[in-house]
Amino acid sequence: MAIVTVALPIRTPEGEFLAHYSGQGLAELDFPQPKAHTVKKPGSLPADIRIWHRLTEAALNSILAGKEPAGLPPLMPVGTAFQQSVWTAMRAIPMGHTRSYGEIAEEVGRPKAVRAVGGACGANPIPVLVPCHRVLAAKKQIGGFGGGLAWKRRLLEAEGVYV
DNA sequence: AATGACAGTCCCA
DNA sequence: TGGGACTGTCATT
């Protein structure tokens, strides 16, 4: 059975993100690429994907503007059981709040797997909407970020969080 | 199958 | 300030 995904661009004040949809929902969200690459739009899209994309566009722009999204598309990232549990825990962090890698590790029942939590954060396919940027190192240190620390700072700043 | 490298954290010297 | 143990995942060997 073929795996079907659709990639659609999202214009924001920060650049053009790229959203990937599977048949289940939003599977991946890419930060703006250094090289502006054109995305070919399919002539017609399934109704559910159009709806999800509108939700993704609105949610992404809301968060970038520091506002609570009115709604989210179904978030369907692909990953291991451990990664799924970490991503689920991250989604429970309210806007403007943060957790440490250690706190997330405890929440998923693996208090000693702190470092592995960092790995799962880095593997998060849906940054921003799955708020990996709200996970900091101990003592409110900034920690790392796959998309570049500038993005992490930018996203935290939009939520009024300063490290 | 084993090793090394990571978006971490704590402990002990 | 520095080194070791701990943990999940992936690339490399």
Side-chain angles (χ1 to χ4, degrees), chain A residues 1-7 9-10 12-37 56-57 59-69 72-163:
Chain A
M1 164 172 110
I3 301 177
V4 179
T5 64
V6 178
I10 299 178
T12 78
E14 313 288 333
E16 188 177 275
F17 286 68
L18 194 56
H20 301 256
Y21 299 90
S22 66
Q24 319 299 313
L26 179 65
E28 183 179 336
L29 182 63
D30 300 335
F31 284 107
Q33 304 294 317
K35 350 192 64 178
H37 72 66
T56 304
E57 287 179 314
L60 176 58
N61 278 298
S62 288
I63 295 178
L64 290 177
K67 293 184 297 187
E68 190 77 35
L72 293 176
L75 303 181
M76 296 285 117
V78 175
T80 66
F82 176 78
Q83 289 168 337
Q84 298 281 354
S85 65
V86 169
W87 299 336
T88 298
M90 290 193 304
R91 290 179 57 184
I93 309 175
M95 273 196 102
H97 293 249
T98 63
R99 297 284 185 278
S100 69
Y101 295 100
E103 286 170 334
I104 297 294
E106 290 193 8
E107 285 179 30
V108 302
R110 303 210 124 37
K112 286 177 288 189
V114 178
R115 195 163 188 190
V117 167
C121 290
N124 168 28
I126 314 180
V128 188
L129 300 195
V130 175
C132 46
H133 58 281
R134 295 181 195 140
V135 184
L136 307 180
K139 197 203 122 198
K140 299 294 185 195
Q141 299 296 299
I142 184 74
F145 199 69
L149 277 184
W151 269 112
K152 189 166 187 174
R153 292 202 165 91
R154 163 73 183 79
L155 292 165
L156 289 170
E157 182 186 359
E159 301 186 10
V161 175
Y162 297 93
V163 288

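Lettering follows sequence order; numbering is per chain, from 1. All values below come from the heavy atoms of this structure, side chains included, with hydrogens, waters and symmetry mates left out. Worth saying up front: this structure is predicted, and the values here are computed from it rather than measured.
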Would you kindly give the [atom1]-to-[atom2] distance between [X] and [N], to the nearest whole Å?
X: K112(A); N: dC10(B); atom1: NZ; atom2: P; answer: 14 Å
X: M90(A); N: dA7(B); atom1: CE; atom2: P; answer: 16 Å
X: I104(A); N: dA7(B); atom1: CD1; atom2: C1'; answer: 13 Å
X: L149(A); N: dG8(B); atom1: CG; atom2: P; answer: 10 Å
X: R110(A); N: dT9(B); atom1: CZ; atom2: P; answer: 18 Å
X: Y101(A); N: dC10(B); atom1: OH; atom2: P; answer: 14 Å
X: K139(A); N: dC11(B); atom1: NZ; atom2: C1'; answer: 17 Å
X: K140(A); N: dA7(B); atom1: NZ; atom2: P; answer: 21 Å

- request: Starting at OG1 of T12(A), measure out to CD of E57(A) and round the result to the nearest 0.5 Å.
  value: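 It is 10.5 Å, given to the nearest 0.5 Å.
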task: Return yes if some donor-acceptor pair links the side-chain N/O of R134(A) with the main-chain N/O of R91(A) below 3.5 Å, else return no.
output: no
Heavy-atom closest pair, residues [X] and [Y]:
X: A116(A); Y: F82(A); value: O-CE2, 3.6 Å
X: A19(A); Y: L26(A); value: CB-CD1, 3.8 Å
X: W87(A); Y: V130(A); value: O-CG1, 4.0 Å

task: Could you tell me whether the side chain of Y21(A) reaches within less than 4.5 Å of the side chain of T5(A), counting heavy atoms only?
output: no
task: Pull out every residue in residues 114-135 of chain A that has a heavy atom closer than 4.0 Å to any atom of DNA chain C, ordered by number, or say none.
output: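 When residues 114-135 of chain A is checked for heavy atoms under 4.0 Å from DNA chain C, the hits, listed by number, are R115(A), A116(A).
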- request: Please give the nucleotide sitting opposite dT1(C) as a Watson-Crick or G-U wobble pair, both distances under 3.5 Å, or none.
  value: dA13(B)
field: Paired nucleotide for dT7(C) [Watson-Crick or G-U wobble; both distances under 3.5 Å]
entry: none
Between [N] and [M], how far apart are the two [atom1] atoms, rounded to whole Å?
N: dC10(C); M: dT9(B); atom1: C1'; answer: 22 Å
N: dA7(B); M: dT1(C); atom1: C1'; answer: 23 Å
N: dG4(B); M: dG4(C); atom1: P; answer: 13 Å

query: Counting any heavy atom closer than 4.0 Å, what does Q141(A) reach on the DNA or RNA strands: base, sugar-phosphate only, or nothing?
result: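 Contact class for Q141(A): none.
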message: Over all strands shown, is F82(A) touching base, sugar-phosphate only, or nothing at heavy-atom distances under 4.0 angstrom?
response: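 F82(A): backbone/sugar contact only, no base atoms under 4.0 Å.
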message: Given dA7(B), dT9(C), dT9(B), identify the nucleotide with an atom nearest to the side chain of A138(A).
response: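 Selected nucleotide: dT9(B).
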- prompt: What nucleotide, of dC6(C), dT9(B), dG8(C), holds the atom closest to the side chain of S100(A)?
  reply: dT9(B)
query: In terms of side-chain heavy atoms, does H133(A) have a donor or acceptor partner in E159(A) at a distance below 3.5 Å?
result: yes
